[in-house]
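The block underneath contains the structure these notes are about, expressed in structure tokens.
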Amino acid sequence: ILMPFLMFRYPAMSAAIQKRNEAQNKLLTWIQECTSVCKLVQDYHKQGWAINRMEALIGQQNQVLVRRSEVASNNKYFANWVTMMAVVFYIMYGGRQVVLGNISTGTFLATLKIYQRGGDACLAIYGLWLRM
């Protein structure tokens, strides 16, 4: 379930990363240009203009970083929800089996713990895959 979700989300993830990189490059280029012509900016009294431009680029950078964080959070929480749904489904199904006498309470609890640990392992693997 998680792999198809990531394949579906890949365009959004890569676009967010690309926009972040572009905004960062613009900001760093501007900083480099300003530092190289600092004396000219000062001589022609263009400090206000340079500061306004810098603030605009920082604002763009912040917007892009927020969008990138939104995409990353959505990806992360989807895995949590899938795991939670699997556990909830088993609680409903397994609980019914316990009430009907088809399985013991101990078997139900042991299987539930397996689902939880399996979900935690999947989340760890998924988290590593997202960082790549």
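Computation of the quantities below employed the complete heavy-atom set of this structure, encompassing side-chain atoms and omitting hydrogens, waters and symmetry-equivalent molecules. As the structure is a prediction and not an experimental result, all values here were calculated from the model.
- A single hydrophobic cluster is not seen to contain both Val71 and Val64; linkage of ILVMFWY side chains at heavy-atom distances under 4.5 Å, directly or through other members, places them apart.
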Report all side-chain donor-acceptor pairs from residues 22-41 shorter than 3.5 Å, counting only partners two or more places apart or in another chain.
| from | atom 1 | to | atom 2 | distance (Å) |
| --- | --- | --- | --- | --- |
| Glu22 | OE2 | Gln18 | NE2 | 3.2 |
| Asn25 | ND2 | Asn21 | O | 3.3 |
| Thr29 | OG1 | Asn25 | O | 2.7 |
| Thr35 | OG1 | Ile31 | O | 3.1 |
| Thr35 | OG1 | Gln32 | O | 2.9 |
| Ser36 | OG | Gln32 | O | 3.3 |
| Ser36 | OG | Glu33 | O | 2.9 |

Let me have the donor-acceptor pairs involving side chains of residues 92-112, under 3.5 Å, with sequence neighbours excluded, atom names and distances please.
| from | atom 1 | to | atom 2 | distance (Å) |
| --- | --- | --- | --- | --- |
| Gln97 | OE1 | Asn102 | ND2 | 2.6 |
| Ser104 | OG | Thr107 | N | 3.2 |
| Ser104 | OG | Thr107 | OG1 | 2.9 |
| Thr111 | OG1 | Thr107 | O | 2.8 |

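- Tracing side-chain contacts under 4.5 Å through hydrophobic residues (I, L, V, M, F, W, Y), one reaches Trp49 starting from Ile58; they form part of the same cluster.
- Hydrophobic cluster of Met85: no remaining members, since no ILVMFWY side chain lies below 4.5 Å from it.
- Partners of Glu55 under the side chain to side chain contact (heavy atoms under 4.5 Å, CB included) rule, at least two apart in sequence or in another chain, are Ile51, Asn52.
- Other cluster members for Trp81: Tyr77, joined by side-chain heavy-atom distances under 4.5 Å among Ile, Leu, Val, Met, Phe, Trp and Tyr.
- If you take CD on Gln61 and CZ on Arg20, they are separated by 8.5 Å, rounding to the nearest 0.5 Å.
- Applying the salt bridge (Lys or Arg N to Asp or Glu O under 4.0 Å) test to residues at least two apart or on different chains, the pairs with a partner in residues 58-67 are Arg67-Glu70.
- Counting heavy-atom neighbours within 6.0 Å of Tyr90 OH, excluding the residue itself, gives a total above 12.
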